[in-house]
Amino acid sequence: MHTAERKPNNSFFARILAAVSALAFCLALSGCRSEMHERELFAMDTFMSLRVYGGEAESALGEISELITRLDGLLSVTNDESELSRLNRAGKAEGLSPETFDIIRRALEFSESAGACFDVTLRPVMRAWGFTGGKHRIPSADELSSLLEKVGDGGVVLDSESRSVTLPDGAELDLGALAKGYAADEAAKLVNAGGCTGALLNLGSSTILAIGSKPDKSKWRIAVKDPAGSDAAGVVAIEHGAVSTSGGYERCFTGPDGRTYWHIIDPRTGLPASNGIVSVTVLTEDAFTGDGLSTALFVMGPEDAEKYRRTHGGFEFIMLMEDGSIFLTPEAAKVFTPQGAYAQAEIVTALIP
Ligand code: AMP
Ligand code: MG
């Protein structure tokens, strides 16, 4: 009886012990799963750093690196053998890879919505300035006006059945304003497919995508670069989403006239867009829209950018201005904290009535 009474107790304790060990094992495993895996790579003409947490993080990182390298190989305008360069040379291509066709289709849709400030056929103008690959130079007004005759993405014809693209005479595509955003969104699909719990994909500081959550569930903190210094101009704290920045400082040169010329071009003039903005950081759900918008808003200028936001919605932005002030849209004001040289900056929240 005595023994019989102790037996169930023993098995009860054994079960508790087993349950506790199983729990400890699970916790240890989930600890391993939420470990951060990191990789750096150089692609799309920039340094990228990728952090993935949990699930099959290491294999997701491998797949993401392959994906970005493949997209770079397809879309680069400095690589003569890329699918995009071949399309640009021939003016027409059939049976394009699904990725190239997809990004061109989406780029044209985005461009139509962004209006005259955004055009994916700016390649001839970009080449003349030497911003991609070539030597920097200042094209003459005559040269720019004849090059601008070739610019206009409204005339690009697509056929989704044959995945063919036909460019207007002399037009050439440049997807530099959107490629990194596209790549980040495609990479996010791999993070999710790998059962990972979170990721911070930094595709060259101008395109950052935060997915899922950090192991400690704290917000992702993303620095906005101070173009004039090495410190950040501020930090954006978000649950998830894309933080995309365009700034004249990213790719620029000083001309013999002492002026600075940059790579974000106003398609209406062929000149670097100049309207008092130092940089625009856009907050969106997806990186493709954010990447496109940061370029487009930089060209639009502050007031038109804000009008565009009020009409289209779905995004917020932080604009660093040449006079040292910062324009913040309502939701951006809630998540952005200025710091460093911008800690005491004048904050403008009502740009237009
Ligand atoms: P981002 O750094 O995302 O602003 O992209 C800048 C790149 O977009 C440039 O290097 C060009 O390849 C391209 N680009 C410049 N100006 C425009 C524009 N107005 N519309 C579309 N693409 C542009
Ligand atoms: Mg962009």
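Remember, it's 1-based here, ligands and their atoms both numbered in the order they're listed. All heavy atoms count here, side chains included; hydrogens, waters and symmetry mates do not.
Residue Ala177 counts as close to the Mg ion (ligand 2), with an N, O or S atom under 2.8 Å. Distances from the Mg ion (ligand 2) show that Ser246 has no N/O/S atom below 2.8 Å.
Between the side chain of Thr284 and the backbone N or O of Phe315 there is no donor-acceptor pair closer than 3.5 Å. Checked by atom type and distance alone, the side chain of Ser294 never pairs as donor or acceptor with a backbone atom of Val282 at under 3.5 Å.
Using a cut-off of 4.0 Å between Lys/Arg side-chain N and Asp/Glu carboxylate O, Glu172 and Arg127 are scored as salt-bridged. Of the charged side-chain nitrogens involved, none lies within less than 4.0 Å of a carboxylate oxygen, so that Lys307 and Glu303 do not count as a salt-bridged pair. A salt bridge is absent between Arg86 and Glu83: the closest approach of a Lys/Arg side-chain nitrogen to an acidic carboxylate oxygen does not fall below 4.0 angstrom.
Side-chain contact between Asp102 and Tyr182 is present, with heavy atoms from C-beta onward closer than 4.5 Å.
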Tabulated below should be the N or O atoms of ligand 1 paired with protein N or O atoms at under 3.5 Å; can you produce that?
residue  : atom   : partner : partner atom : Å
ligand 1 : 2 (O)  : Glu250  : OE1          : 3.3
ligand 1 : 3 (O)  : Asp291  : OD1          : 3.0
ligand 1 : 3 (O)  : Thr295  : OG1          : 3.1
ligand 1 : 4 (O)  : Ser246  : OG           : 2.5
ligand 1 : 4 (O)  : Thr295  : OG1          : 2.7
ligand 1 : 8 (O)  : Ala177  : N            : 3.2
ligand 1 : 12 (O) : Asp174  : OD1          : 2.8
ligand 1 : 12 (O) : Asp174  : OD2          : 2.9
ligand 1 : 16 (N) : Ile265  : N            : 3.0
ligand 1 : 19 (N) : Cys117  : O            : 3.0
ligand 1 : 19 (N) : Ile265  : O            : 2.7
ligand 1 : 20 (N) : Asp119  : N            : 3.1
ligand 1 : 20 (N) : Asp119  : O            : 3.4

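Within the cation-pi definition used here (under 6.0 Å to the ring centroid, within 45° of the axis), Arg106 qualifies as a partner of Phe288.
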